[in-house]
Amino acid sequence: MEHKLTLELMEKAKQAESVKELMSIAKENGIELSTEEAETYFGKMNQSGELSDEELDDVAGGGCSGEKPDGYVDYLKNEYQGKRVLCKNASCPTCGSQHGIILQTSMTNTGWDDFWCHVYCSTHQNQLIIKTNEMDMDFVME
C-alpha cells in the first residue's frame with residue numbers, strides 16, 4: 001500500500017506518548033508497523049535531536065513515488081544550505097527585513113517536492129522568516 005508521509009504526520013508521530021499510540025497513528029494513516037518497528041521508531045523520535053534523512057526514509061517505508069538519483073539530497077543541501085536569499089513574500093517578524101539565510105534544510109520521503117528550506121533573518125538568525133519547498137516562488141538567491 002502506498003502512503004504519503006507528510007511533515008504534519010511526522011509532527012503528530014513525534015507527539016505520541018507511547019509505542020501503542022504511535023502504532024495507532026500509523027494505522028490511521030495506512031502505515032503498517034510491527035511492534036518491534038514501532039518501538040524502534042518511538043525510541044528514535046524521543047531521543048534529542050532530529051531524525052537523519054536515512055531514519056526518515058526508514059519511517060516512510062519507501063512510499064516515495066519515484067527514486068531520487070544518487071547524490072540528490074546532497075546536491076540540494078549544497079545548493080541551498082548557508083546561502084543568503086531575499087524573500088519575496090515574507091519578512092522577519094522582529095525587524096521586517098526580507099534578507100535571510102538558509103540555516104536548515106530538510107527532506108521527507110513524499111516525492112520530488114519534499115525538500116524544504118528554512119530561511120532565518122540575516123540579523124536575527126534565531127528568527128524564522130519562512131519554511132518553504134517552493135524556493136523559486138518564495139525567495140531569490142542574493
Side-chain angles (χ1 to χ4, degrees), residues 1-34 37-142:
M1 172 186 295
E2 188 172 315
H3 58 274
K4 186 172 182 178
L5 182 67
T6 63
L7 291 176
E8 292 80 17
L9 182 55
M10 284 299 301
E11 287 302 316
K12 189 174 180 180
K14 286 181 187 179
Q15 299 302 317
E17 295 184 10
S18 69
V19 172
K20 186 176 180 179
E21 187 177 345
L22 179 60
M23 290 180 72
S24 176
I25 291 168
K27 185 176 181 179
E28 289 169 8
N29 289 278
I31 301 170
E32 294 182 27
L33 285 180
S34 69
E37 289 171 322
E39 288 171 349
T40 300
Y41 299 141
F42 184 78
K44 287 181 179 183
M45 286 189 287
N46 285 291
Q47 64 187 13
S48 61
E50 292 187 14
L51 295 176
S52 70
D53 291 332
E54 293 79 18
E55 290 168 324
L56 284 172
D57 286 344
D58 288 344
V59 173
C64 181
S65 60
E67 292 298 316
K68 295 172 187 65
D70 289 341
Y72 174 72
V73 174
D74 290 335
Y75 164 77
L76 287 174
K77 283 184 177 180
N78 289 336
E79 183 73 18
Y80 291 104
Q81 189 80 28
K83 300 294 194 288
R84 296 196 174 276
V85 298
L86 177 63
C87 294
K88 296 178 183 177
N89 306 312
S91 60
C92 174
T94 303
C95 68
S97 174
Q98 290 182 289
H99 294 275
I101 184 168
I102 301 169
L103 295 179
Q104 181 183 357
T105 56
S106 59
M107 187 89 160
T108 58
N109 196 27
T110 58
W112 289 97
D113 295 340
D114 60 358
F115 183 81
W116 292 79
C117 287
H118 307 249
V119 180
Y120 290 80
C121 177
S122 291
T123 304
H124 307 98
Q125 291 192 5
N126 62 341
Q127 181 61 59
L128 181 68
I129 294 178
I130 191 169
K131 177 180 169 185
T132 181
N133 71 339
E134 297 180 348
M135 286 71 84
D136 322 356
M137 294 177 64
D138 290 326
F139 61 74
V140 291
M141 299 285 208
E142 288 189 323

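Position 1 is the first residue of the sequence; numbering continues from there.
- With sequence neighbours excluded, the residues satisfying side chain to side chain contact (heavy atoms under 4.5 Å, CB included) with Thr94 are Cys92, His124, Gln127.
- Considering all non-hydrogen atoms of both residues, Leu22 and Ala38 come closest at CD2-O, 3.6 Å.
- By the side chain to side chain contact (heavy atoms under 4.5 Å, CB included) test, Glu28 is found to be paired with Lys12, Ser24, residues two or more places apart in sequence or in another chain being considered.
- No donor-acceptor distance shorter than 3.5 angstrom exists from the side chain of Gln104 to the backbone of Cys117, with no hydrogens or angles considered.
- For Leu76, the side chain to side chain contact (heavy atoms under 4.5 Å, CB included) partners two or more places apart in sequence, or in a different chain, are Tyr72, Tyr80, Phe115.
- Rounded to the nearest 0.5 angstrom, Lys83 NZ and Thr105 OG1 are separated by 11.0 Å.
- More than 12 non-hydrogen atoms from other residues, nucleotides or ligands lie less than 6.0 angstrom from NZ of Lys88.
- With Asn89 as the partner, the side chain to side chain contact (heavy atoms under 4.5 Å, CB included) test is satisfied by one option alone out of Ile130, Asp138, Thr132, Ile129: Asp138.
- Applying the side-chain hydrogen bond (donor to acceptor under 3.5 Å, both in side chains) rule to Glu21 yields no partners; only residues at least two apart in sequence or on another chain are considered.
- Side chain of Gln98 to backbone of Cys87: a donor-acceptor contact under 3.5 angstrom is found.
- Taking Glu142 as the reference, His99 meet the side-chain hydrogen bond (donor to acceptor under 3.5 Å, both in side chains) condition, with sequence neighbours excluded.
- Inter-residue side-chain proximity for Phe139 and Ile102 is flagged as met; some heavy-atom pair is nearer than 4.5 Å.
- Of all heavy-atom pairs spanning Met23 and Ser34, the tightest one is CE-C, 4.1 Å.
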